[in-house]
Amino acid sequence: MMTGALAFEPFLRRHLGASSPALRTSEPAAYVLHRDGQRPAAEIPAYLKTVHAMIAERAAADPSAYFGVDLAPPPRQLPAAERQADFDAELAVDACQTAEVAIDPMVVAEALRRCIADHTLIETRFGVEVIDVVEEADCVRVTGQDGDGPVSERFDHAVNTLWCGRLALNEPVGLETGRAWVHRLKYGVSFRFPEGADRPRSATFILGPFGEVVSYGEGLTYLTLYPACLRAILARPDPAALGGFSVGPDTVGGPVGHADGDAGDRAGAPRPRPKNIAGGGRQGRHHRRLGRDGHL
């Protein structure tokens, strides 16, 4: 995740341009320790300090790679008065200000869609459900289904960017995880505050069935909730067996639904996830992306 975080902004800048609105970020996030968290509050500052040292070491080669944010200063523990001014003191037992920021996934997705649509060497195909990938002697064959029937294409390379079904597609070609995967349920909603209204600071509440607040510019705010913290830890590649989930009085407000394992919340707005998209270099021609819908 550290490597990806430091490569993300340079990637967007290279393909979208330095002036792209996709590079705008939220206010830096505070990590807030909830009274009913899964881990003792005394453990969290030391953990944040260790993680920060690792990030600072990786960022030393290019200090501006993370959206121009200076990652050298360590997380700052909020004084009691500052913490109590922004959070419920009975629930927020401690808080640390970090340099972590978020991008607006809707803006990034729209910018990437335009970039792909304008690229002369990228061909897009929508309404295709990717079913299987088979490695052949000199290529990779991707098979699927669209409205007209079966689809089969040969590629020099294929990149599995599926969200739903990614693990199930990896295993037949030998890309096994070697461990169980954590599946969490997350709800999110975006809205705008009236002009001039006070907005909450960006914050992630840890560790448990809580959520986060992400404050962007122009009044845009994003709220999330993990109603049950951790749904399951599964070794099987398909989480469909978990079924649906609804929010009610028995699933919100406390550390419920826990299973063995650590389900720490992560700050930052979620990046848009593709539903069924695979892509690669088409043999002898150009690039093609197979997709189920128009999302990136």
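- Nearest heavy-atom pair across Pro200 and Val213 is CG-CG1, 3.7 Å.
- Criterion: ILVMFWY side-chain heavy atoms under 4.5 Å apart, direct or through other members. Under it, Val134 and Val151 are not part of a common hydrophobic cluster.
- A heavy-atom distance below 4.5 Å is found between the side chains of Gln145 and Pro150.
- Closest approach of Leu169 to Ile131, counting heavy atoms only: CD1-O, 3.5 Å.
- Remark: the backbone N or O of Glu27 is not paired with any side-chain donor or acceptor of Ser215 at under 3.5 angstrom.
- Using a 4.5 Å cut-off on side-chain heavy atoms (C-beta onward), Val133 and Asn160 make no contact.
- One distance of note links CG of Asp146 with CZ of Phe126; it measures 13.5 Å at 0.5 Å rounding.
- For the pair Arg13 and Leu23, the minimum side-chain heavy-atom distance is below 4.5 Å.
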For Arg154 and Asp138, what are the C-alpha separation, side-chain angles and deciding distance, and is it a salt bridge (charged side-chain N to carboxylate O under 4.0 Å, His left out)? CA-CA 9 Å; Arg154 301 172 73 228; Asp138 60 347; 3.2 Å; yes
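- Of all heavy-atom pairs spanning Val32 and Ala92, the tightest one is CG1-CB, 3.5 Å.
- Shortest non-hydrogen contact noted between Leu33 and Ala41 is CD2-O, 3.3 Å.
- Both Phe87 and Leu223 are assigned to one and the same hydrophobic cluster, defined by single-linkage of ILVMFWY side chains at heavy-atom distances under 4.5 Å.
- Nearest heavy atom pair, residue Glu90 against residue Asp88, reads N-OD1, 2.9 Å.
- Asp132 contributes no side-chain N or O that, together with a main-chain N or O of Thr143, makes up a donor-acceptor pair within less than 3.5 Å.
- Hydrophobic cluster membership is shared by Tyr222 and Leu220, with clusters built from Ile, Leu, Val, Met, Phe, Trp and Tyr side chains linked at under 4.5 angstrom.
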Would you check, one step at a time, whether the test side chain to side chain contact (heavy atoms under 4.5 Å, CB included) holds for Arg24 with Asp104? CA-CA 8 Å; Arg24 298 172 185 166; Asp104 186 339; over 6 Å; no
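- Cluster membership for Met2 and Val69, using ILVMFWY side-chain heavy atoms within less than 4.5 angstrom, is shared.
- A parallel orientation is assigned to the rings of His34 and Phe210, their planes being inclined by less than 30° (bins at 30° and 60°).
- In Arg141, the CZ atom is crowded: over 12 heavy atoms of neighbouring residues, nucleotides or ligands sit closer than 6.0 Å.
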Phe8 and Ile103: CA distance, side-chain angles, deciding distance, side chain to side chain contact (heavy atoms under 4.5 Å, CB included) verdict: CA-CA 10 Å; Phe8 188 58; Ile103 49 84; 3.9 Å; yes
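- The minimum heavy-atom distance between Ala22 and Val108, with the atom names listed, is O-CG2, 3.6 Å.
- Rounding to the nearest 0.5 angstrom, the gap separating the CD atom in Gln77 from the CG atom in Asp94 is 4.5 Å.
- Going from atom CD of Glu82 over to atom CZ of Arg76 covers 4.5 Å, rounded to the nearest 0.5 Å.
- Residues Leu6 and Leu71 form a side-chain contact, since some pair of their non-hydrogen atoms from C-beta on lies under 4.5 Å apart.
- Put simply, OG1 on Thr224 and OH on Tyr187 are 12.5 Å apart, with the number rounded to the nearest 0.5 Å.
- Put simply, the side chain of Asp198 does not reach to within 4.5 Å of the side chain of Phe193, judged on heavy atoms.
- Taking CD from Glu110 and CG from Leu16, the interatomic distance works out to 11.0 Å, rounded to the nearest 0.5 Å.
- Side chains of Thr25 and Glu9 form no contact here, defined as non-hydrogen atoms less than 4.5 Å apart.
- For Glu136, the CD atom sits in a packed shell: over 12 heavy atoms of surrounding residues, nucleotides or ligands are nearer than 6.0 Å.
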Determine, stepwise, if the pair Gln97 / Arg201 fulfils side chain to side chain contact (heavy atoms under 4.5 Å, CB included). CA-CA 10 Å; Gln97 181 62 51; Arg201 70 193 298 166; 2.7 Å; yes
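- Looking only at distances, a side-chain donor or acceptor of His52 sits under 3.5 Å from a matching main-chain atom of Ala72.
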Which pairs of donor and acceptor atoms, one on a side chain in residues 42-51, lie under 3.5 Å apart (sequence neighbours left out)?
residue, atom, partner, partner atom, Å
Glu43, OE1, Arg39, NE, 3.3
Glu43, OE1, Arg39, NH2, 3.1
Thr50, OG1, Ala46, O, 3.0

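- With values rounded to the nearest 0.5 angstrom, Met106 atom CE is found 11.0 Å from Tyr216 atom OH.
- Under a hydrophobic clustering in which Ile, Leu, Val, Met, Phe, Trp and Tyr are joined whenever their side-chain heavy atoms come within less than 4.5 Å, directly or via other members, Val107 and Phe191 fall into different clusters.
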